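What follows is a short report on a single structure.
Not measured: the values here are computed from a predicted model.
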2 protein chains.
Amino acid sequence: MGFSKKHIFDEQQNQAALITKVLGHPARISIIQHISQNKCCNCNELVQNIGLAQPTISQHLNEIKKIGLLDQDAKGKNLFYSINVDRLNDCRRIINDFFVKTQINCCK
Amino acid sequence: MGFSKKHIFDEQQNQAALITKVLGHPARISIIQHISQNKCCNCNELVQNIGLAQPTISQHLNEIKKIGLLDQDAKGKNLFYSINVDRLNDCRRIINDFFVKTQINCCK
DNA sequence: ATTTATTATCGTAATATTGCAATATATAAA
DNA sequence: TTTATATATTGCAATATTACGATAATAAAT
C-alpha cells in the first residue's frame, strides 16, 4: 500500500488534484507570490527571502514547474524565473470550475 | 529533516496551502463532487462509487473535515454527509484571491 | 440478547514528501 | 587557469501520506 490509485479517477479530477497538490505547500505559495511580485527573480533571491536552503528552494521550484507555472530565462550565471500567466489563468479556471460546479450542485 | 517549517510563512500562505493540500488528492476531489451531487450521501455510498476501501474513504473524509468543508447528520445507523456551502465559498475566495493577486502582480 | 449494518479507529506496510549537507555543473570574472 | 557565483543533483534522515485488513463502536432490527 501507499501506492497511488489515480487510474480510478477521471482526467479532470486528476488534473485538479495535481494543481492543488502543487499549491498545497506554504513554501510553494510563497515562492509563486515572490516571483510574481519581483519579475525576474532568481533562485538566490528566493533563498534569501524565504529562509529555506538552496536545494530545498530548487526542489520546490521543480514541483511548480511540473504544472507549467514557471518560465525561466538564463542570463549569464543567473537564472531568472517568472510566472507563466497563461498557465496561471488555466489553473485558476480549472480550480474555480471545481468550486463553482460543486457549489451549484449543492444548491439545486 | 522531514519536519514542517510552516512557522516561517504567514497566516494567509499557510491557510491557502492547507486548503489546496486537502484538495490535492483525486479521491478527495471525487468525494466532494459526489457528496455535492447527491445530497445526504453516506460513507457506504462513497465506498461503492469510488472504489476505495471503507477505512480509506473514512480517512479522506477526515482530511476534508479538517478544513470545515463537511457537515454531518446522523440518522439511525447512517451518517449523511453534505457540503458546508458557506465554507466552500470561503475556500473558493481564498484560493481565487491567491490567483488574482498573483496575476495582478505579474502584469503591473 | 443477538444479529445486522454503518462508520470509526488501530495497526501496519508501502510510498511520498520535506529538508539539508555535500557535491556537481555551469558561467563569469580575475 | 584559477576563483567566485549561481543553480542543480545526489544522498540521506525524518516525517507524512496512502491504502487496507482487522477490529471496535454504535444503532437499528429481529
Taking for A/Asn78 and for A/Lys6 the nucleotide of DNA chain D with the nearest heavy atom, the one nearer the 5' end belongs to A/Asn78
Which comes earlier along DNA chain D counting from the 5' end, the contact point of A/Cys43 or that of B/Gly76, where each point is its nearest nucleotide?
-> A/Cys43
Quickly work out the A/Leu79 CG to C/dA28 P distance and round it to whole Å.
-> 13 Å
CG of A/Asn62 versus C1' of C/dA16: gap in Å, rounded?
-> 16 Å
Residues A/Lys75, A/Asp73: salt bridge by 4.0 Å N-O rule | yes
For B/Pro55 and for A/Arg28, find the nucleotide of DNA chain C with the closest heavy atom, then tell me which residue's nucleotide is more 5'.
-> B/Pro55
Side chain proximity check, B/Gln103 to A/Asn89, heavy atoms < 4.5 angstrom | yes
For the side chain of B/His60, starting at C-beta, report the closest nucleotide among D/dA19, C/dA8, D/dC20.
-> D/dA19
Figure out the CD/P separation between A/Glu63 and D/dA8, and round it to whole Å.
-> 14 Å
If only side-chain N and O atoms of B/Lys65 are considered, is one of them under 4.0 Å from the OP1 or OP2 phosphate oxygen of C/dA8?
-> yes
Please tell me if the side chains of B/Tyr81 and B/Asp71 come closer than 4.5 Å, counting only heavy atoms from C-beta onward.
-> no
Could you tell me whether the side chains of B/Gln72 and B/Lys65 share a donor-acceptor contact shorter than 3.5 Å?
-> yes
The side chain of A/Ser58 lies closest to which of these nucleotides: C/dT7, C/dT27, D/dA8?
-> D/dA8
Could you tell me the separation between the CD1 atom of B/Ile50 and the C1' atom of D/dC20, rounded to a whole number of Å?
-> 16 Å
Given C/dC20, D/dT18, D/dA8, which nucleotide is nearest the side-chain atoms of A/Leu52?
-> C/dC20
Which listed nucleotide (D/dT7, D/dA19, C/dT6) is nearest to the side chain of B/Thr56?
-> D/dA19
Would you indicate which nucleotide in C/dT18, D/dC20, D/dT7 comes nearest to any side-chain atom of A/Gln59?
-> C/dT18
Just how far, in rounded Å, is C1' of D/dT5 from CZ of A/Phe80?
-> 12 Å
Cluster membership besides B/Ile104, Ile/Leu/Val/Met/Phe/Trp/Tyr side chains within less than 4.5 angstrom, sorted by chain and number, is B/Val100
Do you know which two heavy atoms are closest between A/Asn14 and A/Phe9, and how far apart they sit?
-> ND2-O, 3.4 Å
Round to a whole Å and report the spacing from NZ of A/Lys66 to C1' of C/dT18.
-> 13 Å
Nearest listed nucleotide, side chain of B/Lys21, among C/dT18, D/dC20, D/dT17 | D/dT17
Donor/acceptor link under 3.5 angstrom from A/Gln54 side chain onto base of D/dA6 = no
B/Asn42, nearest nucleotide to its side chain (from D/dA28, D/dA8, C/dT7) | C/dT7
Integer-rounded Å distance: C/dT9 P and B/Ile57 CD1 = 16 Å
May I ask you to verify if any side-chain N or O of A/Lys5 is less than 4.0 angstrom from the OP1 or OP2 atom of D/dC20?
-> yes
What is the distance, rounded to the nearest whole Å, between atom CG of A/Leu61 and atom C1' of D/dA8?
-> 11 Å
Which is true for A/Tyr81 with a 4.0 Å heavy-atom rule: it touches a base, it touches only sugar-phosphate, or it touches nothing?
-> sugar-phosphate
